[in-house]
Amino acid sequence: MNKVILSGFVGGTPAIKEFDNGKIATFSLATSKKWKKDGELKEKTTWHNIVVRREALVNIVNMYIGKGSQIGLVGEIDTREYKDNSGNTRYVTEIIADELEFLGGKEKEQKQEKATGDIPF
């Protein structure tokens, strides 16, 4: 099973790209882990590349998600390779999001909603 569940903060304005067969949204998500060591609070932040391919979710990302939005998501891990400008093979690991949930900010004040892509936006 390839399934990942993350909650964190969006690192920048999502990019929406349109193609002949649809559109995708991409953005970064910061997740943090906190712990105490020798009485001192430590924190590690990990950045994840998020890709949204389902058109209904892309529309939700475009309308409601921006830099600093706190969200949760469910998706799968995907690694792809590409050639850089020098011809070297590079690899990138991405999270392909299937579900999004608003966790903070204006969305939470109104009410907590869950977006699974079945909502006709």
Side-chain angles (χ1 to χ4, degrees):
M1 176 185 287
N2 181 0
K3 188 171 191 173
V4 63
I5 301 169
L6 298 172
S7 66
F9 293 90
V10 176
T13 302
I16 308 297
K17 298 176 186 172
E18 294 195 36
F19 301 96
D20 292 338
N21 59 348
K23 52 188 172 179
I24 65 169
T26 58
F27 58 92
S28 60
L29 185 74
T31 59
S32 295
K33 176 181 178 180
K34 296 179 184 181
W35 70 96
K36 274 192 175 182
K37 182 175 181 181
D38 300 326
E40 186 178 338
L41 185 63
K42 303 279 186 177
E43 181 176 10
K44 179 184 178 191
T45 300
T46 303
W47 289 92
H48 309 275
N49 297 316
I50 309 299
V51 178
V52 180
R53 294 183 178 148
R54 292 171 60 190
E55 189 164 348
L57 284 182
V58 172
N59 293 335
I60 290 169
V61 168
N62 191 33
M63 291 175 18
Y64 298 110
I65 295 179
K67 181 178 181 178
S69 295
Q70 186 179 13
I71 64 168
L73 65 84
V74 177
E76 64 180 44
I77 300 171
D78 186 37
T79 301
R80 61 180 173 86
E81 67 178 58
Y82 66 95
K83 299 279 186 189
D84 68 11
N85 293 337
S86 302
N88 299 315
T89 301
R90 302 286 183 183
Y91 298 91
V92 62
T93 300
E94 301 167 321
I95 307 300
I96 310 302
D98 291 324
E99 297 178 33
L100 299 174
E101 187 171 344
F102 303 109
L103 300 177
K106 294 180 194 174
E107 296 86 4
K108 190 169 186 177
E109 292 168 10
Q110 294 168 0
K111 70 176 183 178
Q112 193 169 18
E113 299 177 43
K114 188 172 185 179
T116 62
D118 299 328
I119 301 170
F121 282 115

*Of all heavy-atom pairs between Gly8 and Leu29, which one has the smallest distance, and what is that distance?*
C-CD1, 3.6 Å

*What closest approach, in Å, do Val58 and Val52 show between heavy atoms, and which atom pair accounts for it?*
CG2-O, 3.3 Å

*Which residues satisfy the side-chain contact (heavy atoms from CB on, under 4.5 Å) test with Lys67, sequence neighbours excluded?*
none

Which value, rounded to the nearest 0.5 Å, describes the distance between [X] atom [atom1] and [Y] atom [atom2]?
X: Ile24; Y: Leu57; atom1: CD1; atom2: CG; answer: 13.0 Å
X: Gln70; Y: Ile65; atom1: CD; atom2: CD1; answer: 12.0 Å
X: Ile95; Y: Ser28; atom1: CD1; atom2: OG; answer: 12.5 Å

All N/O donor-acceptor pairs, side-chain side in residues 40-50, below 3.5 Å, sequence neighbours left out:
residue, atom, partner, partner atom, Å
Glu43, OE2, Ser32, OG, 3.2
Thr45, OG1, Ser32, OG, 3.2
His48, NE2, Thr31, OG1, 2.8

*Is there any side chain to side chain donor-acceptor pair (under 3.5 Å) pair reaching into residues 11-22, and which pairs are they, with sequence neighbours excluded?*
none

Same hydrophobic cluster for [X] and [Y], using side-chain heavy-atom links shorter than 4.5 Å among ILVMFWY?
X: Phe9; Y: Leu6; result: no
X: Ile5; Y: Ile96; result: no
X: Phe27; Y: Tyr64; result: yes

Extract all donor-acceptor atom pairs below 3.5 Å that involve side chains of residues 71-84 and protein atoms in other chains or at least two apart in sequence.
residue, atom, partner, partner atom, Å
Thr79, OG1, Thr93, OG1, 3.2
Arg80, NE, Glu94, OE1, 3.1
Arg80, NE, Glu94, OE2, 3.3
Arg80, NH2, Glu94, OE2, 3.0
Lys83, NZ, Thr89, OG1, 2.8
Asp84, OD1, Ser86, N, 2.9
Asp84, OD1, Gly87, N, 3.0
Asp84, OD1, Asn88, N, 2.8
Asp84, OD2, Arg90, NE, 3.0
Asp84, OD2, Arg90, NH2, 3.2

_For the residue pair Lys33 and Trp35, would you count it as a cation-pi contact if the rule is NZ or CZ under 6.0 angstrom from the ring centre and within 45 degrees of the ring axis?_
yes

*Between Lys23 and Asn62, does any side-chain donor sit less than 3.5 Å from a side-chain acceptor?*
no

